[in-house]
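For reference, the structure is listed below as structure tokens.
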There are 2 protein chains.
Amino acid sequence: MTKSLHSVSYASLLDILVAARHHKGLTQQVVADKLRKPQSYVAKIEGGERRLDILEFVALAKAMDIDPMTLFADVLRGIKKET
Amino acid sequence: MTKSLHSVSYASLLDILVAARHHKGLTQQVVADKLRKPQSYVAKIEGGERRLDILEFVALAKAMDIDPMTLFADVLRGIKKET
DNA sequence: TTCGGATTATCCCATAATGGGATATAGTTG
DNA sequence: CAACTATATCCCATTATGGGATAATCCGAA
């Protein structure tokens, strides 16, 4: 684990993303396929190895069959709790 | 204008960010100051020269005194219209 | 129109982030 | 342990970013 997150909030964001995927019972591979990206793409995002921009966030939510707005709300709640 | 946007949706996102700032009557410098970043940081974001991750998006919204959720909703509407 | 200040866009380029196939690890199940 | 399945890492050529300096635009006043 050589990787360090950008911030506490960022860690919270990642936790939420992973939890959401697990909640849906999806694997990184399945999500990656929907996004037409390699599994390492999802792994890196969830591991804080790669950042997500807004549109990618929306795409990721959709790939997980989650409403972007709902996921964003979760993220906001998460980062408020931390920090 | 050597720069090309990543996608149509991205252009829409940028339009929304700029419009929001103008609506609030703020300059890039003022927003940048609140974020403790140079003016070029904001200029690059708005020019599609630099991408915004989720947390930066939230920070930017707050710097413009806009509710992140509201701004995100605007973005979602914007990218649906396009594409 | 022209001038000058305010605002925004570009330059430069060393440094850091990313893409993605291959491979190593960790986790599960029998 | 064996055999899978799922996730994390490697590697490293490409591409993106940081930010001070400077150029280019905008815009209202005279």
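Numbers restart at 1 for each chain; the letters A, B, ... are given by sequence-line order, proteins then strands. Just so it is clear, the values below take in all heavy atoms, side chains as well, and ignore hydrogens, waters and symmetry mates.
Rounded to whole Å, the distance from CG on B/L17 to C1' on C/dT8 is 15 Å. Remark: P of D/dC10 and CD of A/E49 are 8 Å apart, rounded to the nearest angstrom. Here D/dA6 presents its P atom at 10 Å from CZ of A/R21, a figure rounded to the nearest Å. The distance from atom CG of A/L52 to atom P of D/dA16 is 17 Å, rounded to the nearest whole Å. Protein atom CG of B/L14 is 15 Å distant from nucleotide atom P of C/dT8, rounded to whole Å. Going from atom CD1 of A/I45 over to atom C1' of D/dT7 covers 14 Å, rounded to whole Å. Rounded to an integer number of Å, the gap from A/D53 CG to D/dT15 P is 18 Å.
An end-to-end axis angle of 50° holds for the helix from C/dT1-D/dA30 to C/dG30-D/dC1, taken from five base pairs per end and rounded to 10°.
To the nearest 0.5 angstrom, B/S12 atom OG is 8.5 Å from A/L55 atom CG. From B/R50, atom CZ reaches atom NZ of B/K44 across 9.0 Å, with rounding to the nearest 0.5 Å. Interatomic distance, CD1 of A/I16 versus CG of A/L76, reported as 9.0 Å (0.5 Å rounding). For the atom pair OH (A/Y10) and CG (B/D53), the distance works out to 5.0 Å, reported to the nearest 0.5 Å. To the nearest 0.5 Å, atoms CE (B/M69) and CG (B/D74) are separated by 12.5 Å.
Closest approach of B/L71 and B/A61 over heavy atoms only: CD2-CB, 3.7 Å.
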Residues 29-41 of chain A side chain polar contacts: donor-acceptor under 3.5 Å, at least two apart:
{"from": "A/Q29", "atom 1": "NE2", "to": "A/D33", "atom 2": "OD1", "distance (Å)": "3.0"}
{"from": "A/Q39", "atom 1": "NE2", "to": "A/Q28", "atom 2": "OE1", "distance (Å)": "2.8"}

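Residue pairs that meet the side-chain hydrogen bond (donor to acceptor under 3.5 Å, both in side chains) test with at least one member in residues 59-68 of chain B, sequence neighbours left out, are B/D67-B/T70.
Checked for salt-bridge contact, B/R51 and A/E56 meet the test: a charged N lies under 4.0 Å from a carboxylate O.
DNA chain C lies under 4.0 Å from no heavy atom of any residue of residues 24-35 of chain A.
By the salt bridge (charged side-chain N to carboxylate O under 4.0 Å, His left out) test, B/E46 is found to be paired with B/R21, residues two or more places apart in sequence or in another chain being considered.
Checked options A/L13, A/L14, A/L17; the residue passing with A/L52 is A/L17 (criterion: side chain to side chain contact (heavy atoms under 4.5 Å, CB included)).
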In B/S/- notation (B base, S sugar-phosphate only, - none; protein heavy atoms under 4.0 Å), nucleotides 19-26 of chain C written 5' to 3' is BBB-----
